[in-house]
Amino acid sequence: QVQLVESGGGLVQAGGSLRLSCAASGRTFSNYAMGWFRQAPGKEREFVATINSSGGTTYYADSVKGRFSISRDNAKNLVALQMNSLKPEDTAVYYCAGGRYSSGIGTQRGYDYWGQGTQVTVSS
């Protein structure tokens, strides 16, 4: 059974930084892409970032490009999202997602497994 457990959310002032982590178990982590999505109150879940199985290719939503960075450690079955220059509009529940393929894509249909989510709140 695949499990994804996020950590690292919290409250931060605008302009600050947070680092989210996701620990994966239950399948061969290094075979699959990983992603991060977020859902703000009253809005649909949206793509944030993805990284391919080897970690050599990343892709970001335009809204976070240049501020967020996704990385992975295949030896430790971990994926991380470093978030810098945070804005109030980044406030959301952030979800780690386990990919269906080795290449990451920017839509939910490319992911089979989801974590429980971690709250990120950015105050102005």
Side-chain angles (χ1 to χ4, degrees):
Q1 182 180 359
V2 176
Q3 286 192 321
L4 302 174
V5 180
E6 302 101 334
S7 60
L11 173 64
V12 64
Q13 288 188 333
S17 298
L18 280 176
R19 184 177 179 86
L20 305 183
S21 294
C22 173
S25 62
R27 65 175 183 175
T28 306
F29 181 76
S30 59
N31 285 353
Y32 300 95
M34 295 293 295
W36 288 94
F37 288 74
R38 67 186 182 186
Q39 187 168 18
K43 295 187 177 181
E44 293 188 352
R45 190 174 299 187
E46 65 175 6
F47 167 74
V48 174
T50 187
I51 187 167
N52 73 337
S53 59
S54 69
T57 301
T58 58
Y59 175 61
Y60 299 91
D62 287 343
S63 58
V64 306
K65 201 172 295 182
R67 300 187 297 121
F68 290 12
S69 178
I70 187 171
S71 61
R72 66 189 294 160
D73 184 337
N74 284 346
K76 297 181 179 179
N77 289 7
L78 292 174
V79 61
L81 185 69
Q82 178 67 40
M83 305 185 294
N84 299 327
S85 303
L86 283 161
K87 305 175 181 180
E89 51 263 44
D90 294 318
T91 295
V93 177
Y94 283 71
Y95 296 91
C96 174
R100 183 174 300 175
Y101 314 108
S102 60
S103 298
I105 64 174
T107 60
Q108 295 185 59
R109 69 174 184 269
Y111 301 86
D112 288 326
Y113 303 100
W114 297 85
Q116 81 286 354
T118 185
Q119 177 71 46
V120 171
T121 303
V122 184
S123 63
S124 57

NZ (Lys43) with more than 12 external heavy atoms under 6.0 Å: no
Verdict with supporting geometry, Tyr32 and Asp112, side chain to side chain contact (heavy atoms under 4.5 Å, CB included): CA-CA 11 Å; Tyr32 300 95; Asp112 288 326; over 6 Å; no
Backbone of Ile51 reached by a side-chain donor or acceptor of Thr58 within 3.5 Å: no
Test log, rule side-chain hydrogen bond (donor to acceptor under 3.5 Å, both in side chains), inputs Asn84 and Ser17: CA-CA 4 Å; Asn84 299 327; Ser17 298; 2.9 Å; yes
Check: Val64 and Arg38 side chains under 4.5 Å, non-hydrogen atoms: yes
Minimum heavy-atom distance between Arg19 and Ser71, given as atom pair plus value: NH2-OG, 3.9 Å
Arg109 backbone acceptor or donor facing Arg100 side chain under 3.5 Å: yes
Same cluster (ILVMFWY, side-chain, under 4.5 Å), Leu81 and Trp114: no
Value rounded to 0.5 Å, distance of CG in Asn77 from SG in Cys22: 10.0 Å
Atom pair OG (Ser21) and CD (Gln82), whose distance is rounded to the nearest 0.5 Å: 9.5 Å
Distance in Å, Leu20 CG paired with Phe68 CZ, rounded so as to fall on 0.5 Å steps: 8.0 Å
Audit row: Tyr60, Arg67, side chain to side chain contact (heavy atoms under 4.5 Å, CB included) steps and yes/no: CA-CA 10 Å; Tyr60 299 91; Arg67 300 187 297 121; over 6 Å; no
Single-linkage hydrophobic cluster Val12~Trp36, side-chain heavy atoms < 4.5 angstrom: yes
Backbone N/O of Thr57 and side chain of Asn52: donor-acceptor pair under 3.5 Å: yes
Glu6 side chain to Gly117 backbone, donor-acceptor under 3.5 Å: yes
Nearest heavy-atom neighbours spanning Ser124 and Ala14: CA-CB, 4.4 Å
Set of side chain to side chain contact (heavy atoms under 4.5 Å, CB included) partners for Tyr59, sequence neighbours left out: Phe47, Thr50
Met34 side, atom CE; Ser53 side, atom OG - distance, nearest 0.5 Å: 11.5 Å
Derivation and outcome, side chain to side chain contact (heavy atoms under 4.5 Å, CB included), residues Ser103 and Ile105: CA-CA 7 Å; Ser103 298; Ile105 64 174; 5.6 Å; no
Atom pair CG (Leu11) and CD (Gln119), whose distance is rounded to the nearest 0.5 Å: 9.5 Å
Under-4.0 Å salt bridge between Lys87 and Asp90: no
Single hit among Tyr94, Tyr95, Tyr111 for ring-ring contact (aromatic ring centres under 6.0 Å, His included) with Phe37: Tyr111
Atom pair OH/CD of Tyr113 and Gln1 - distance to nearest 0.5 Å: 9.5 Å
